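Starting from 1, each residue takes its place in the sequence as its number. All of these numbers come straight from a predicted model, not from anything done at the bench.
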Amino acid sequence: MVSVQAKVRMGLLRASGQKRFYDNASALHHRLPRHQKPSMARPPRRIRRRCDVEQHEVHGFPCFTFRPRGGAAGDPHVLHLHGGGYVEQVEKHHWKYAADLVARLGCAVTLPVYPLVPHHDHTATIPMVQAAYDGIEAERVVVSGDSAGGALALAIAQNLRADGRPQPERLILYSPWLDVLLEDPVSELLDETDPMLGIAGLREAGRMYAEGTDPHDPLVSPIHADLSGLAPITLFIGTRDVLLPDCRRFRERAREAGTELDYREYSGMFHNWLMQAIPEGVEAMNHVERLLRRRPVSGRSAPGPGSSPTPG
């Protein structure tokens with residue numbers, strides 16, 4: 001059963017016009033300025049009141065680390081990569097997510113404000129988030145990402161594997177955008193019921209992000225990646241999300257590769273519902289907290305073979 005709060009939230013999303021941003025290429029370009037305001041690239045004051053906030057630059061872009069107020073941060077250190085189709089700046093719910101993790105776990109959370117299209121593309125964005133990851137000095141590091149940030153998390157994991165370096169402790173993917181082309185025809189059908197995302201606008205954003213390379217490149221569209229040897233993955237997806245078909249394909253490909261996957265599919269949920277103040281969001285984040293409280297045998301080590309899928 002979908003909660004009343006979730007139904008209200010979906011109604012508000014439709015009324016807000018958020019989906020119109022992704023209606024088509026023209027709408028996306030017309031509305032870009034309001035989704036890339038410079039003021040959005042700074043944590044709100046109420047977040048600064050909740051946490052100690054440190055700012056530094058990575059490749060010329062701001063990167064913020066949040067820690068418990070007046071105290072040392074415990075394990076793990078979470079690198080979160082925000083979503084927004086590579087065209088939207090950090091939003092209020094992303095800052096709140098970081099502060100909530102700090103409050104729940106007493107940990108550190110780093111959130112990079114990475115380069116956005118159309119001024120930049122994957123050749124700037126991926127190296128920046130990789131450098132943000134490389135700059136974290138901690139025994140336990142978890143990488144989370146929502147939507148486009150989920151694909152960036154997988155890009156980091158692929159780069160680490162290619163360099164023969166240890167994987168993060170875990171990858172946590174919230175409604176990840178795995179194929180910039182959205183080639184699965186089922187996504188077209190879900191476009192009618194998705195209250196937040198639209199196929200045509202997403203494809204335009206993906207085209208700009210992939211500029212200069214094949215959009216099937218696994219660093220750009222990780223649905224095409226070799227998933228063997230990656231860190232254990234937890235993936236959340238809802239059935240009202242146009243990204244659902246690719247997440248289901250990803251589940252099968254992870255199983256075939258022997259990668260540990262904790263797959264959680266929520267019936268009736270919309271894109272990135274986890275960061276909303278609804279019962280289903282609280283339930284999902286409680287699971288994330290349980291995952292992060294588990295202390296592994298070792299820190300940044302490559303996972304062994306095996307699969308542990310979990311139905312939603």
Side-chain angles (χ1 to χ4, degrees), residues 34-116 119-120 124-150 152-153 155-156 168-174 272 274-277 281-282 284-286 288-289 291-293 299-300:
R34 73 185 70 173
H35 290 265
Q36 296 187 356
K37 294 177 181 177
S39 60
M40 299 171 71
R42 296 187 297 272
R45 288 182 181 177
R46 66 177 180 275
I47 300 299
R48 291 179 179 272
R49 286 195 291 266
R50 293 177 59 187
C51 308
D52 283 342
V53 183
E54 170 194 322
Q55 178 180 350
H56 63 284
E57 285 198 352
V58 177
H59 289 198
F61 290 86
C63 192
F64 295 90
T65 296
F66 304 84
R67 292 185 173 87
R69 205 101 170 102
D75 289 334
H77 193 132
V78 178
L79 172 70
H80 184 71
L81 306 169
H82 74 88
Y86 305 110
V87 295
E88 296 189 72
Q89 195 50 273
V90 188
E91 296 195 65
K92 292 178 182 178
H93 59 267
H94 296 121
W95 300 119
K96 184 177 182 298
Y97 166 81
D100 286 349
L101 277 188
V102 172
R104 280 174 175 258
L105 297 161
C107 66
V109 179
T110 292
L111 201 158
V113 181
Y114 57 75
L116 300 175
H119 305 293
H120 305 277
T125 304
I126 294 176
M128 188 274 181
V129 298
Q130 183 70 56
Y133 174 86
D134 293 342
I136 294 175
E137 297 181 0
E139 179 185 352
R140 297 178 59 202
V141 180
V142 170
V143 182
S144 67
D146 65 281
S147 196
L152 290 172
I156 288 175
E169 178 179 303
R170 179 172 291 272
L171 304 173
I172 305 180
L173 314 179
Y174 308 125
N272 204 20
L274 300 93
M275 295 186 186
Q276 303 296 331
V282 174
M285 290 309 300
N286 286 343
V288 171
E289 179 178 353
L291 284 174
L292 297 182
R293 286 193 182 279
R300 281 176 155 180

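- Between the CG atom in L79 and the CD1 atom in I136 there is a gap of 4.5 Å [rounded to 0.5 Å].
- Here H93 pairs with E91, N272, M275 under the side-chain contact (heavy atoms from CB on, under 4.5 Å) rule; sequence neighbours left out.
- Between Y174 and H80, the ring-plane angle classifies as tilted under the 30° and 60° cut-offs.
- For the atom pair CG of L111 and OG of S144, the computed distance is 8.5 Å after rounding to the nearest 0.5 Å.
- A distance of 9.0 Å separates CE of M40 from NZ of K92, quoted to the nearest 0.5 Å.
- Inter-residue side-chain proximity for I172 and V142 is flagged as met; some heavy-atom pair is nearer than 4.5 Å.
- R48 meets the salt bridge (charged side-chain N to carboxylate O under 4.0 Å, His left out) test with no other residue; sequence neighbours excluded.
- Residues V53 and T65 are not in side-chain contact: their nearest non-hydrogen atoms beyond the backbone lie 4.5 Å or more apart.
- How far CE of M285 is from CG of L101: 5.0 Å, rounded to the nearest 0.5 Å.
- Closest approach of C63 and P112 over heavy atoms only: SG-CA, 3.8 Å.
- For the pair P127 and H59, the tightest heavy-atom approach, listed with the atom from each and the gap, is O-CE1, 3.5 Å.
- When ring centroids are compared, H82 and Y114 come within the 6.0 Å threshold.
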_The test is side-chain contact (heavy atoms from CB on, under 4.5 Å); show your working for R293 and E289 and say whether it passes._
CA-CA 6 Å; R293 286 193 182 279; E289 179 178 353; 3.0 Å; yes

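- Closest heavy-atom contact between P68 and G106: CG-O, 3.5 Å.
- Among all heavy-atom pairs drawn from V58 and A132, the shortest one is CG1-N, 3.8 Å.
- Under the side-chain hydrogen bond (donor to acceptor under 3.5 Å, both in side chains) criterion, H77 pairs with T110, sequence neighbours left out.
- At a threshold of 4.5 Å between non-hydrogen side-chain atoms, the residues F61 and H120 count as touching.
- Electrostatic pairing of D52 and R69 counts as a salt bridge here, judged by a charged N lying under 4.0 Å from a carboxylate O.
- The shortest heavy-atom contact between F64 and R42 is CZ-CA, 4.3 Å.
- V288 has its side chain within reach of L292: a pair of non-hydrogen atoms, C-beta onward, lies under 4.5 Å apart.
- Using a 4.5 Å heavy-atom threshold, the side chains of Q36 and L116 count as touching.
- The shortest side-chain heavy-atom distance between L81 and I156 falls under the 4.5 Å cut-off.
- Looking at E139 and E169, their side chains never come closer than 4.5 Å, going by heavy atoms from C-beta outward.
- If you take OG on S147 and CD on E88, they are separated by 8.5 Å, rounding to the nearest 0.5 Å.
- Two residues are said to be in side-chain contact when any heavy atoms from C-beta on lie closer than 4.5 Å; D146 and Y97 fail this criterion.
- For R67 against E54, the heavy-atom pair with the smallest separation is NH1-OE1, 3.1 Å.
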